Amino acid sequence: KQWYQRRIRAGRHAINAGLLAANIAAMGYFFNAPSVTSGVAMLGAITAGSGVMGYTLTAAIGGADMPVVITVLNSYSGWALCAEGFMLNNSLMTIVGSLIGSSGAILSYIMCKAMNRSLPNVILGGFWN
């Protein structure tokens with residue numbers, strides 16, 4: 001038995017759509033929260049919903065596509081660090097984040113070319129099943 005196998009759940013598209021709607025609603029409430037405690041509660045709900053949605057979106061990807069997905073997620077973390085550097089006016093974080101983000105994007109592109117597939121095909125390959 002493989003240590004990792006592709007996990008496809010019945011009704012996962014409905015679950016993902018519901019999680020997306022719940023995250024949007026919680027974000028709207030967070031922006032208009034009447035108190036700090038309700039805002040923090042909504043921020044926790046957004047974090048939990050995003051974590052579950054991240055799992056359900058990536059659980060359907062398996063096999064040779066997983067290294068590409070890992071490099072794409074690594075690239076996303078670099079772009080998030082770059083944005084954080086802009087927000088904090090920290091040049092070092094901006095430069096390091098852009099290096100991580102661009103190197104992850106380049107590596108993802110090279111890996112997709114080696115597999116003779118496009119990046120959307122790899123990322124969304126399990127989505128349409």
Side-chain angles (χ1 to χ4, degrees):
K1 182 176 175 179
Q2 292 180 350
W3 66 274
Y4 176 84
Q5 63 185 19
R6 188 174 170 182
R7 292 175 178 86
I8 297 179
R9 303 282 182 239
R12 66 188 163 95
H13 298 308
I15 292 170
N16 289 334
L19 285 168
L20 178 64
N23 272 347
I24 290 172
M27 183 175 58
Y29 188 81
F30 171 75
F31 286 138
N32 300 315
S35 68
V36 174
T37 55
S38 62
V40 170
M42 285 302 109
L43 191 59
I46 292 169
T47 304
S50 296
V52 172
M53 188 164 40
Y55 173 77
T56 59
L57 286 172
T58 57
I61 300 170
D65 295 341
M66 189 50 68
V68 177
V69 173
I70 291 170
T71 59
V72 168
L73 294 175
N74 185 30
S75 176
Y76 290 165
S77 71
W79 296 123
L81 180 66
C82 183
E84 185 178 359
F86 275 120
M87 290 182 356
L88 296 176
N89 198 19
N90 188 332
S91 299
L92 182 63
M93 288 176 69
T94 304
I95 292 169
V96 170
S98 64
L99 287 173
I100 293 170
S102 59
S103 64
I106 292 168
L107 182 59
S108 300
Y109 175 77
I110 291 170
M111 291 171 77
C112 286
K113 283 294 182 188
M115 293 191 314
N116 199 19
R117 295 178 65 192
S118 67
L119 187 61
N121 188 323
V122 170
I123 300 298
L124 300 175
F127 186 75
W128 305 114
N129 293 337

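Keep in mind that what you see is a predicted model, and the values were worked out from it rather than measured.
Hydrophobic clustering (ILVMFWY, side-chain heavy atoms < 4.5 Å, transitive): Leu107 and Leu73 are in one cluster. In the hydrophobic clustering of this structure, Met66 groups with Leu119; members are Ile, Leu, Val, Met, Phe, Trp, Tyr whose side-chain heavy atoms approach within less than 4.5 Å, directly or through other members. By the criterion of side-chain heavy atoms lying less than 4.5 angstrom apart, applied directly or through intervening Ile, Leu, Val, Met, Phe, Trp or Tyr residues, Met111 is grouped together with Tyr76 in one hydrophobic cluster.
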Contacts under 3.5 angstrom, residues 40-54 side chains, donor-acceptor by atom type, not counting sequence neighbours:
| from | atom 1 | to | atom 2 | distance (Å) |
| --- | --- | --- | --- | --- |
| Thr47 | OG1 | Leu43 | O | 2.9 |
| Ser50 | OG | Asn23 | ND2 | 3.3 |
| Ser50 | OG | Ile46 | O | 2.9 |

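The side chain to side chain donor-acceptor pair (under 3.5 Å) analysis of residues 78-92, with sequence neighbours excluded, yields the pairs Ser75-Trp79. For residues 102-111, the pairs satisfying side chain to side chain donor-acceptor pair (under 3.5 Å) are Thr71-Ser108, with sequence neighbours left out.
Taking the side chain as every heavy atom from C-beta outward, Asp65 and Arg117 approach each other to under 4.5 Å. Met115 places a side-chain heavy atom less than 4.5 Å from the side chain of Val68.
Clustering of Ile, Leu, Val, Met, Phe, Trp and Tyr by side-chain heavy atoms under 4.5 Å joins Ile100 with Leu81, Leu88, Leu92, Met93, Val96.
The side chain to side chain contact (heavy atoms under 4.5 Å, CB included) check on Thr37 picks up Ser35, with sequence neighbours excluded.
Ser98 and Cys82 get closest at one heavy-atom pair: N-CB, 3.8 Å.
In this structure, Leu19 CG and Tyr55 OH are separated by 13.0 Å, a value rounded to the nearest 0.5 Å.
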